[in-house]
Every structure is written in structure tokens, then in C-alpha cells.
Amino acid sequence: MLDDFLIKLYHEGNCLEAYKLFGAHPETVDNIDGVRFTVYAPNARSVQVIGDFNNWDGHNDYMERHYNGGIWTKWIPHVKDFQMYKYRIEKADGGMIEKADPYAFFSEIRPGTASKVYDLRGFPWTDGDWMKKRTKNFDRKMTIYEANLGSWKLKKPFTDTEDGTFYSYEELSEMIIPYAKENGFTHLELMPLNEFPFDGSWGYQATGYFSATSRYGNPKQLMHFIDECHKNGIGVIMDMVLAHFVKDAHGLHQFDGGWVYEYADVNRRYSEWDSVYFDAGKEEVRSFLMSAVHFWAEEFHIDGIRFDAVSNMLYWKGNKFIGENDGAIELLKRMNKRMNEEYPGVMLIAEDSTDFPFVTKPVDEGGVGFDYKWDMGWMNDTLRYFKEDPVYRQYDHNLLTFSMMYFYSERFILPFSHDEVVHGKATILNKMWGLNDDKFAQAKALYTYMFTHPGKKLNFMGNELGEYKEWDEKKALGWEILKYPQHDSFHHFFADLNKLYDEHPALWKLDYDPEGFEWLVVDDNQQSVFAYARHDPDGDCIVVVLNFIGNKHEGYTIPVPFKGTYTEIMNTDEGKYTGSNFLNTKPIKSVDGTCLNQDQSITVKLAPFSACVFSYKGKETLATRKAKREAAAKAAQKAKEEAEKPAEKPAEKTAKAPAKKAAAKKAASKTKAAPKAKAESKTVSKTETKKAPSKTSKATTKTTRKTATKTAAKTSRKTSTQKKAAADKK
């Protein structure tokens, strides 16, 4: 029986579990095991289920139209796992087409295009502790290893005449998981795992949004892979494309002869990749895509999803001058809000190259609701800087300083992804200016800059090897290059950098808090030297000094945030990284004296094209410095207020004298009238310590008081005259 409540949500665009309604599901009827097939084909005149279980003849397996229009369903007995099937659809014009199941859980390996029956139930997950403890990692370390499972390693290489052979999910779990762990990566980001027909699309033009690609095995083998990742403390992120889909005839394009998943308007239908845009304004399409995202989180325990081509959902065809795509924006907001409610530990990551505002702001606060956004601006500016001849870098100093001007506007990930190392763009190493030795030196400095800059990190496989060969999905990584000392040492450097990042919370705990980053040297464009500090609220402080041209500095003075000792904990010029060992081998004690707005400074040695990292040891922290600065600010404010008080002029003092004299007489008369007990009080002032007069000496007391009053008046006049004379003299 179909779930009418799910059907209602599906048509409203609010369904996260449409895959439980549609697709092929094992179902027992009258004690007979079979499979219920259900599909959405609103424009079809009729639909048949065809498969190897009925010899691909569906005349006896016509589907019934459900009473709530557009949905077709059929239960067929004795159908088993792994059997293949399709839908044969009669279009409105009477023509016949055959389509794979949009909600299939498994598919025939390419070039085959059939769907396969597969029961997802019953996998014995062992990652309960991981699932309870996982978070979105805002204040945790996250260094991501992006990988294409098929070409990370190949069992048999591709040739011009024969396909290669992939390792299975289970075989890969025994290789790539230990590798990621040993090299310090916290997460694997896998290029699309859902089914796609053409290897060369890398999965970004998909057909099966609920089907784990059969290239590396079946869905439960993928579950095993993810479970093993979690056992080893590795999170799994997968790429997914909600913007567009492939045009292949067996897929979603013109699914029932009409425009079910795409725009009816031909001007909005096709993308620049020769694929088809989803019509994200349709409620049924929204339910389809939201359910696909939910499916991978629920059934496969995915820890994060990186959404490709979000720019092309925020704006029509990714062009802000054409206008915002309101339907797709509503889909993204609805999806992100619901997913954050259902799976608060699953990361939602946008690959967005636009300046669309508030992409990572919660929906309830007016944002789109993603957790992270790739910082494409940082990536482009940084690589442009390192491609330049060092002579000209002084004129483009802002390429490396600009990122911190906007960094806190979103929650960014710094990406050197697969897109940067293909199609003639050159690998990261080969983008560096100069000859071989200079390239390696600059690449090490570049990666030190990346790992110490605020934001989570992402690197595509091969970046850590110092590859010269661009990525090719038909070729494995160049593991053989590790026999060469420079590549081997670079590989070890990358692992050490990940370890450094792991061990110092200052490098990740306050990634998205301005308190966590502080420029120390930002304007030395002539020497292309940069320095900054990274802070941890618990006291960890890291100081980074970068020299991005070929000059050597025997002594370069930089300001530092705290008084104390600074010890070099990494230098890209170390001999073990094939450097010249121009190092700061001894701890450096800071010295007093203002240097670029800091009260302390250290003098360091800088090798050409190098980066060095220092760890602070001392008594100061962000909190103590803040308290000290607040106290100093209060003292300065008080001094300012005192200075701004108007000084009394001599004329004003003279004018006040008669009033003071009258007040003195009034006080004296009150003293005379006071009772004896009060006069004898212990609280009298020092000027009143003489014995109170007796009744028999009133006349004497009167005379004495009169004389004292005259004397006081004379003294007052004399003092006023002296003060006036002094003031006139000045």
C-alpha cells in the first residue's frame, strides 16, 4: 500500500523520504515475496515494468495509476535482488520510451543503463559512537582529502582499446583509509557516489540520485567503506549536483515525454555543460532533490555533502546580471533548514563562486542556510600571486591580504580542488613560478600559508605528492614519483603540516572568530614578507612568518603579540624537506619596544621562498591582553576626562570669595548654637581638637573667634592676591 501522507508531502514539495514511496521495494503479499514498483510519470498514457524477470516484456506488468494523479504502481511476485528493470512509458503522443528508475537504489554498470532491484535493509552499522559525537566542526580541526575513488589507485590501467579495472569499495577501505589517517587528514571528500553514465563527467552529470555507483561495488559495500572510515576517525563527505542532470535518453530528461524534472522554457532548460537544469520551482522536483540529500545522510551515514554549481542555482545560469533564481533559492533554503533540523551533525557545503550574500547564514536569520562555502576568491587570488615572477609580487601584495577583508562574511573552506589540476591548468606544484627547486620551495611556503590561514582546508589527491602530471580519471596517481627525494620529502612535509595543524588549536578553534587572527606584518610589499598570529582562547598562540620572494634575511624584525619566548616549530627550509637549513634553531625571547603597534618584537632569519612557524611560551593570553588593554583604555579615558575639566579662572575665584566668606560665617554661627554634647563628639576635625569653652569664658571665646575670623579673612585675601599675581605672571 502506498503512503498517502508521503504522497501529500511529495506534491507539496516538503517530502524528505520520497525514496520510501517511489522505486523498487520488497513487499510480501499473501505470503508471497515480491517487489512493489512505483514511479511518477504525470504525462504518461501508460507505464509497464520490464525486466529480466519478465524477459523485458511488460504486457503482463502494466502499472496502475494511483488515485492521486501522476503516480503509477505495480507489485510483481518473485522478483529478487540484483534483477534488472526499467519502465516502458507510453507518451502522450503514443510513442514508447524506456527509462531507468529515478529512485533506483542500484544500477547496471556502464555502458549498461538498467536499474537493479536492491534491498538496502539490514546492514550492521557499528558507528554509533561516531554518529553521536559528530558535529559540523566549526571549532574543530578539518583538513579534507578530496578523492576520485576510481583513479586514486587502479587495479588495471585503462588503455586506448580496453577499460581499466577499479578496486572495490571494500578493497579501497583497506588502502585509502589508512593512508588518509597516516597523513593527518580528518575527512575524505568523494567525488559523486551516485550513478552516472560517463566516466569523463566524474559524476557531475548524474542519472541515479539514489543509486550508489556500481563502478566500485554494491550499496552495502559502500556502507562498509563508510563504517570503516568512522571506525578510524575519518569523516566522509560526498559531492552532489542539484543544479543539473545528464541528457542521456535513459535518464530524467523528458522522462515521460513531457517536462517532469526540467524547465518547459527552452531558454532556461539547458546548461553550458550540455546538461539539463532541474526546474527547482516545481514542488515534486523539490521533494525529489531534498529526498536525495536526506537519503544519503539517513541510509549511508554521510557526514557532509558538498553541492556543486550552487552559483547556477542562486542566479540563472550562474549570471547575477540575468537575475536571481527564486525557485532554486527557495529549494536551497527549504532543504538546508530541514536537513539542519533532522541531521544537526551533517555539513552542508556550497561550491559557490558568486558574491551572493549570507550563503552560510541560517535561514531563520535571512540566509540560505549552508554551513560552509568554498572560498573561490582566496583560491584564485593566491594561485595568481604564486604564478607571478617574484619581481612583480610587490605590486600585487593585496592578492594575499584581501581575503581577510571579507573572510568573516561567510564560513569559508579553502579549496585546492580537482578543478585546479585538470584541463591544461597545471598542477599546484607546476603553477609555481621558476625552475624545479624554486617551485618546490614556493609550494611548501604556499601550503604553510594555507594551513595557517583561517578556514578549513581541502586538497585534491596528488597535491600532497607534488605531482607534475595533471589528474586524468583514466590514470592512477603518480605514486612512483615518491622514489625521487624532492617528491618524497614534499610528501613527508605535507604530512608534518597536517600534524602541526592537528596539534595546535590556535590554527582551527577560532577559525570564524576575528579574535583568532591578527596581522603582524601586512604592508611590507617591497620585500613580500607577511606575518600574522593565530590565537586559541585557552592560550595557544602561533606566529607565522612568510617570505615569498628569493631574498634572504639574516635578521628580520617582526612585532609579536605577547612578551615571552618564541620557538620555531616548522621551517620549510629544513634539510629534511630538501632545504638549506637556514633556520631559527634557538628559542627567541621577545624584546621591549614598540614595533608596528606591538609592545614586543623578535628578530628572525628567513630563507628565500620560505615559511616559518613559531610557538609562543609565556604568561600572556588573549584574555590577559584584553584585560590589560581594557585597564589601559579606562586609565586613558579617566586622564582625558580630568584634562578636559575646565580650570577655574582667577576672576571666578575672586568672585567666589564673598560667597565663601558668608558660608564661613554661617557655619560659625551654627557651631556656636550647637549643644555641648555635640561639641564634645569624637568626630571633630583636627582643627577642632581644642577643648570646648566653659560657660564662664563665653566673652573670651567670642573675642577669640572674632580675632580668628579677621585673621582668616586677611589670610584669604592675601592668598587670593598671591594666586592672581602668579597667574598674571604666567
Just by distance, do the side chain of Trp296 and the backbone of Tyr209 share a donor-acceptor pair under 3.5 Å? yes
Look at the side chain of Asp540 and the backbone N and O of Ala506, then say whether any donor-acceptor pair between them is shorter than 3.5 Å. yes
For the residue pair Ser211 / Ser107, report whether a side-chain donor-acceptor contact shorter than 3.5 Å exists. yes
pair Asp496-Lys576: side-chain heavy atoms closer than 4.5 Å: yes
Ring centre gap for Phe493 and Phe440 strictly below 6.0 Å: no
Indicate yes or no for a side-chain donor-acceptor contact from Lys431 to the backbone of Ala426 under 3.5 Å, with no hydrogens or angles considered. yes
Gly150 backbone acceptor or donor facing Tyr216 side chain under 3.5 Å: yes
Does Lys153 NZ have over 12 foreign heavy atoms under 6.0 Å away? yes
Hey, does the side chain of Thr572 reach the backbone of Ala611 with a donor-acceptor pair shorter than 3.5 angstrom? yes
For a quick check under 3.5 Å, do Asp524 and Tyr556 share a side-chain donor-acceptor pair by atom type? yes
Atom CD1 of Ile176 and atom CD of Glu171: how far apart are they, to the nearest 0.5 Å? 13.5 Å
Report the distance from atom OG1 of Thr143 to atom NZ of Lys456, rounding to the nearest 0.5 Å. 10.5 Å
If every non-hydrogen atom of Val346 is compared with every non-hydrogen atom of Asp371, which pair is closest and at what distance? O-OD2, 3.5 Å
Considering all heavy atoms, the nearest Ile177-Phe225 contact: CD1-O, 3.8 Å
Report yes or no: is the cationic atom of Arg306 (NZ for Lys, CZ for Arg) closer than 6.0 Å to the six-membered ring centre of Tyr372, at no more than 45° off its axis? no
Around atom CD of Gln526, are there more than 12 heavy atoms from other residues, nucleotides or ligands closer than 6.0 Å? no
Donor-acceptor contact present, side-chain Asp573 to main-chain Ser580, <3.5 Å: yes
Looking only at heavy atoms, which two atoms of Trp471 and Met191 are closest? And how far apart? CH2-CE, 3.6 Å
Check this for me, if you would: do Asp139 and Lys509 make a salt bridge, where the nitrogen-to-carboxylate-oxygen distance has to be below 4.0 angstrom? no
Scanning both residues in full, the closest heavy-atom pair of Pro561 with Val543 reads CD-CG2, 4.1 Å
Among Phe460, Tyr167, Phe166, Tyr179, whose ring-ring contact (aromatic ring centres under 6.0 Å, His included) with Trp152 holds? Tyr179
What's the verdict on salt bridge (Lys or Arg N to Asp or Glu O under 4.0 Å) for Glu518 and Arg534, showing C-alpha distance, side-chain angles and the deciding distance? CA-CA 7 Å; Glu518 180 179 11; Arg534 294 296 309 277; over 6 Å; no
With no hydrogens and no angle check, just 3.5 Å: does a side-chain donor-acceptor pair link Thr401 and Asn398? no
Are Arg215 and Phe196 in a cation-pi setup, meaning NZ or CZ lies under 6.0 angstrom from the ring centre and within 45 degrees of the ring axis? yes
Check Thr427 against Val421 and note the closest heavy-atom contact, atom names and distance. CA-CG1, 3.9 Å
Under the side-chain hydrogen bond (donor to acceptor under 3.5 Å, both in side chains) rule, what do Glu464 and Tyr145 come out as? Steps first, then yes or no, please. CA-CA 10 Å; Glu464 80 280 10; Tyr145 189 58; 2.7 Å; yes
Output for pair (Asn183 CG, Asn498 CG), nearest 0.5 Å, gives 7.5 Å
If we ignore hydrogens and angles and just use 3.5 Å, is the side chain of Lys439 paired with the main-chain N or O of Asn430 as donor and acceptor? yes
Would Phe407 and His453 count as a close aromatic pair, with their ring centres under 6.0 Å? yes
Specify whether His301 and His230 have parallel, tilted or perpendicular ring planes, treating 30° as the upper limit for parallel and 60° as the lower limit for perpendicular. parallel
Please walk me through it: do Asp199 and Arg110 pass salt bridge (Lys or Arg N to Asp or Glu O under 4.0 Å)? CA-CA 9 Å; Asp199 289 353; Arg110 50 78 177 130; 2.9 Å; yes
Once rounded to the nearest 0.5 Å, what's the spacing between atom CG of Leu190 and atom CD1 of Ile144? 11.0 Å
Less than 6.0 angstrom separating the ring centers of Phe494 and Tyr447, yes or no? yes
Is it true that a side-chain atom of Asp375 and a backbone atom of Trp378 form a donor plus acceptor pair closer than 3.5 Å? yes
Let me see the working for Asp488 and Lys483 under salt bridge (Lys or Arg N to Asp or Glu O under 4.0 Å), right down to the final yes or no. CA-CA 7 Å; Asp488 183 60; Lys483 66 186 178 184; over 6 Å; no
Counting distance only, does the side-chain N/O of Thr360 pair as donor-acceptor with the main-chain N or O of Arg411 below 3.5 Å? yes
Using the side chain to side chain contact (heavy atoms under 4.5 Å, CB included) rule, pick out the option among Asp239, Leu458, Val422 that qualifies with Ser417. Leu458
Do the ring centers of Trp519 and Phe517 come within less than 6.0 Å of each other? yes
Tell me whether Lys155 at atom NZ has more than 12 heavy atoms from other residues, nucleotides or ligands lying less than 6.0 Å away. yes
Ring-face cation of Lys605 near Phe582 (centre distance under 6.0 Å, axis angle within 45°): yes
For Trp508, is the NZ or CZ atom of Arg140 found under 6.0 angstrom from the centre of its six-membered ring and inside 45 degrees of the ring axis? no
Neighbour count >12 (heavy atoms, 6.0 Å) for atom OH, Tyr406: yes
Which atoms form the tightest heavy-atom contact between Ser214 and Glu195, and what is the distance? N-OE1, 2.8 Å
Just checking His492: does its NE2 atom have more than 12 heavy atoms from other residues, nucleotides or ligands closer to it than 6.0 angstrom? no
If we ignore hydrogens and angles and just use 3.5 Å, is the side chain of Glu351 paired with the main-chain N or O of Ala309 as donor and acceptor? yes
Hey, do the aromatic rings of Tyr204 and His418 have their centres closer than 6.0 Å? yes
What's the verdict on side-chain hydrogen bond (donor to acceptor under 3.5 Å, both in side chains) for Ser610 and Asn547, showing C-alpha distance, side-chain angles and the deciding distance? CA-CA 5 Å; Ser610 70; Asn547 179 22; 4.7 Å; no
For the CG atom on Asp523, are there more than 12 heavy atoms of other groups (residues, nucleotides or ligands in this structure) within a distance under 6.0 Å? no
Glu568: which residues meet the side chain to side chain contact (heavy atoms under 4.5 Å, CB included) condition with it, sequence neighbours left out? Asn571, Leu583, Asn584, Cys612, Phe614
Only counting residues at least two apart or in another chain, list the ones meeting ring-ring contact (aromatic ring centres under 6.0 Å, His included) with His397. Phe530
Using a strict 4.0 Å threshold on nitrogen-to-oxygen distance, state whether Asp127 and Lys231 make a salt bridge. no
Does the pair Thr557 and Ser601 meet the rule for a side-chain hydrogen bond (donor to acceptor under 3.5 Å, both in side chains), with working shown? CA-CA 7 Å; Thr557 299; Ser601 64; 5.8 Å; no
Steps toward side-chain hydrogen bond (donor to acceptor under 3.5 Å, both in side chains) verdict (Glu473, Trp202): CA-CA 7 Å; Glu473 76 278 357; Trp202 312 328; 3.1 Å; yes
Does NZ in Lys499 sit with more than 12 non-hydrogen atoms of other residues, nucleotides or ligands closer than 6.0 Å? no
